[in-house]
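Since the structure comes first, as structure tokens, the remarks are kept for the end.
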Amino acid sequence: MTGQIVELDEATLGQLIDGELPWGDVHHVQSSYKDPKRFDTYVKVLQSRVEWDDPIVLPLGPYLSIVKNKDGIYAVKCICGHEFGDYKDNWKVSALINVRDSEESIAEIWPGPRGPDPEKNEIREFFCPGCSRQLEVDAVPPGYPILANFTPNLDAFYRDWLGRELP
């Protein structure tokens, strides 16, 4: 039924997020038009899963979201409640970072001859200081700067894509 708008309720969207939706249903959801309420339903499901009250403005991944905190600042926040600061700043520089830059440390996660050469690559693992959850991994040349993946334009997203003002 490709081409139809598929509306997902909170329970079904929660199953999709958790990887518990049967593959046939996942395929149907992926290949169908998204309903206009999907973003709001997604945010509502994510909001129901955290213990803090700051409203989620934009999810960034499975564990990070941009929220409007109690001071009115749009900040990056982990699901555990740890706040990384203003969303325009690179949250990675405030994370705990494990750098794998030796044959031994790389072999712990990438054993064998196909692992990266530590003279040409290092693996940076970024963890939340609040809950120690691994948030991201970068494989880069040694000395490469810690770059943000992207900095969204929240005003434009809300105005141009959602048709409303940024909360």
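Nothing fancy with the numbering, it's 1 onward along the sequence. Note that these values count all heavy atoms, side chains included, but never hydrogens, waters or copies made by symmetry.
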Ring centre gap for Tyr63 and Phe127 strictly below 6.0 Å: no

Residue pairs fulfilling side chain to side chain donor-acceptor pair (under 3.5 Å) with at least one residue in residues 125-151, sequence neighbours excluded: Lys92-Glu136, Lys92-Asp138, Lys92-Asn149, Asn98-Glu125, Arg100-Glu125, Glu136-Asn149

Are [X] and [Y] grouped together when hydrophobic residues (ILVMFWY) are joined by side-chain heavy atoms under 4.5 angstrom apart?
X	Y	answer
Ile73	Val93	no
Val140	Leu96	no
Val137	Trp110	yes
Leu147	Trp91	no
Leu162	Leu8	yes

Is it the case that atom [atom1] in [X] sees more than 12 heavy atoms from other parts of the structure closer than 6.0 Å?
X	atom1	result
Glu165	CD	no
Lys34	NZ	yes
Asp53	CG	no

Provide the closest heavy-atom pair for [X] versus [Y] in the form atom of the first, atom of the second, distance.
X	Y	answer
Ile56	Val43	O-CG1, 3.5 Å
Lys68	Val57	N-CG2, 3.8 Å
Ile79	Val50	O-CG1, 3.9 Å

Candidate list Tyr74, Tyr87, Phe39, test side-chain contact (heavy atoms from CB on, under 4.5 Å), partner Leu58, passing option: Phe39

Hey, could you give me the [atom1]/[atom2] distance between [X] and [Y], rounded to the nearest 0.5 Å?
X	Y	atom1	atom2	answer
Leu135	His82	CG	NE2	9.0 Å
Phe126	Ser94	CZ	OG	11.0 Å
Leu64	Cys78	CG	SG	6.0 Å
Lys77	Asp54	NZ	CG	3.5 Å
Trp23	Gln30	CH2	CD	5.0 Å
Asp9	Leu13	CG	CG	8.5 Å

Cationic N near anionic O, under 4.0 Å, Arg164 to Asp40: yes

Qualifying residue for salt bridge (charged side-chain N to carboxylate O under 4.0 Å, His left out) with Glu10, from Arg38, Lys44, Arg49: Lys44

